[in-house]
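Inspection log for the structure reproduced underneath, given as structure tokens.
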Amino acid sequence: MKLYINNSPQQVEWEHNESVEALCQRIKEKPITIQMRKYGTFEQVGTIGNLPADDHYISTLPGDIILYNHNQIVIFYDEHAYHYTRLGRIIGKSKEEFYQLLGKEDILLTIYIN
């Protein structure tokens, strides 16, 4: 799966779980584009539609891609802890780079299979 933020490709390590498998099946039919919004001072949130979840209390780091409440995709640019299902992680960026990418304005997220 490929992930783009504001048309910029991101390198992602996807988890191997039921949630990611369901997301992959969904985007085989049609890419997903989600308008995400800043929430609080540490994350971007957008509605992705219902996916299976296996929530655990976890601590997140900048770059973590999380499923929240079965239907919200969240990308963190700072740390937080709550009950989430981990989907993956954007890699190869510093905390400052995540803030530049995610912390200043709402973003457009696109996920597709090439």
Side-chain angles (χ1 to χ4, degrees):
M1 287 190 298
K2 302 287 184 180
L3 183 139
Y4 283 72
I5 295 175
N6 295 335
N7 296 315
S8 175
Q10 305 301 312
Q11 188 176 8
V12 176
E13 289 181 349
W14 295 100
E15 292 290 316
H16 298 284
N17 62 33
E18 185 179 8
S19 303
V20 174
E21 289 174 17
L23 176 59
C24 187
Q25 288 300 316
R26 184 179 299 169
I27 65 174
K28 280 183 180 178
E29 298 171 15
K30 180 177 147 185
I32 295 175
T33 299
I34 302 167
Q35 181 65 51
M36 298 183 71
R37 67 188 188 294
K38 281 182 52 178
Y39 185 82
T41 58
F42 52 87
E43 63 188 347
Q44 290 271 352
V45 179
T47 301
I48 195 165
N50 284 330
L51 292 172
D54 184 22
D55 291 348
H56 297 282
Y57 190 82
I58 58 174
S59 296
T60 64
L61 296 171
D64 280 348
I65 305 167
I66 300 295
L67 178 65
Y68 170 70
N69 203 28
H70 291 268
N71 67 352
Q72 302 289 311
I73 189 168
V74 182
I75 304 178
F76 288 87
Y77 55 91
D78 208 337
E79 298 172 15
H80 189 62
Y82 199 70
H83 292 90
Y84 299 118
T85 298
R86 197 176 299 274
L87 298 176
R89 176 168 174 67
I90 299 170
I91 59 173
K93 295 189 182 308
S94 68
K95 184 175 181 177
E96 293 76 23
E97 289 171 312
F98 282 118
Y99 182 78
Q100 292 296 320
L101 181 67
L102 302 167
K104 294 190 173 192
E105 59 188 35
D106 295 349
I107 64 167
L108 188 65
L109 176 73
T110 304
I111 306 172
Y112 71 95
I113 293 181
N114 56 345

Scan for salt bridge (Lys or Arg N to Asp or Glu O under 4.0 Å) pairs involving [range], sequence neighbours excluded, and state none if there are none.
range           : answer
residues 12-24  : none
residues 99-114 : none
residues 43-71  : Asp64-Arg86, Asp64-Arg89

Distance check, rounded to the nearest 0.5 Å: Leu102 atom CG versus Lys38 atom NZ?
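Leu102 atom CG to Lys38 atom NZ measures 10.0 Å (nearest 0.5 Å).
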Donor-acceptor contacts, no H, no angles, side chain residues 26-34, under 3.5 Å, sequence neighbours left out:
residue	atom	partner	partner atom	Å
Arg26	NH1	Ile48	O	2.6
Arg26	NH2	Asn50	O	2.5

Using atom types as modelled, flag every donor-acceptor pair under 3.5 Å from a side chain in residues 1-8 to any protein atom, sequence neighbours excluded.
residue	atom	partner	partner atom	Å
Tyr4	OH	Tyr112	OH	3.4
Asn6	OD1	Leu108	N	2.8
Ser8	OG	Gln10	NE2	3.3

Show the numbers, then the answer: is there a side-chain contact (heavy atoms from CB on, under 4.5 Å) between Ile91 and Val12?
CA-CA 6 Å; Ile91 59 173; Val12 176; over 6 Å; no
According to salt bridge (charged side-chain N to carboxylate O under 4.0 Å, His left out), who are the partners of Lys95, at least two apart in sequence or on a separate chain?
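Once residues adjacent in sequence are excluded, the partners of Lys95 under the salt bridge (charged side-chain N to carboxylate O under 4.0 Å, His left out) criterion are Asp78.
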Count I, L, V, M, F, W, Y as connected when their side-chain heavy atoms are under 4.5 Å apart, and connections chain through other members. Are Leu61 and Ile58 then in the same cluster?
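No; Ile58 is not reachable from Leu61 via cluster members.
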Is it possible for you to say whether Leu87 and Val45 belong to one hydrophobic cluster, with membership spreading through side-chain heavy-atom contacts below 4.5 Å?
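No, Leu87 does not connect to Val45 through the hydrophobic network.
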Test item: Thr60 side-chain N/O and Glu79 main-chain N/O as donor-acceptor pair under 3.5 Å
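Looks like no, no N/O pair under 3.5 Å.
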Any ring-ring contact (aromatic ring centres under 6.0 Å, His included) involving residues 88-110? Give me the pairs, sequence neighbours left out, ordered by first then second residue.
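Output for this query lists Tyr77-Tyr99.
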From CA spacing to verdict: side-chain contact (heavy atoms from CB on, under 4.5 Å), Thr85, Ile66:
CA-CA 6 Å; Thr85 298; Ile66 300 295; 5.9 Å; no
Partners of Glu96 by side chain to side chain contact (heavy atoms under 4.5 Å, CB included), sequence neighbours excluded?
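So Glu96 forms a side chain to side chain contact (heavy atoms under 4.5 Å, CB included) with Ser94.
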Give the ring-plane orientation class for Tyr84 versus His80, where under 30° counts as parallel, over 60° as perpendicular and anything between as tilted.
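Geometry flag for His80 against Tyr84: tilted rings.
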Please list, one pair per line, the donor and acceptor atoms closer than 3.5 Å that link side chains of residues 67-76 to other protein atoms, with sequence neighbours excluded.
residue	atom	partner	partner atom	Å
His70	ND1	Leu51	O	3.3
Gln72	NE2	Thr47	OG1	3.1

What residues, two or more places apart in sequence or in another chain, satisfy side-chain hydrogen bond (donor to acceptor under 3.5 Å, both in side chains) together with Gln25?
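For Gln25, no residue satisfies side-chain hydrogen bond (donor to acceptor under 3.5 Å, both in side chains) once neighbours in sequence are set aside.
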Where is the tightest heavy-atom contact between Ser59 and Ala81, given as atom of each residue plus distance?
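So the two residues come closest at OG-CB, 3.8 Å.
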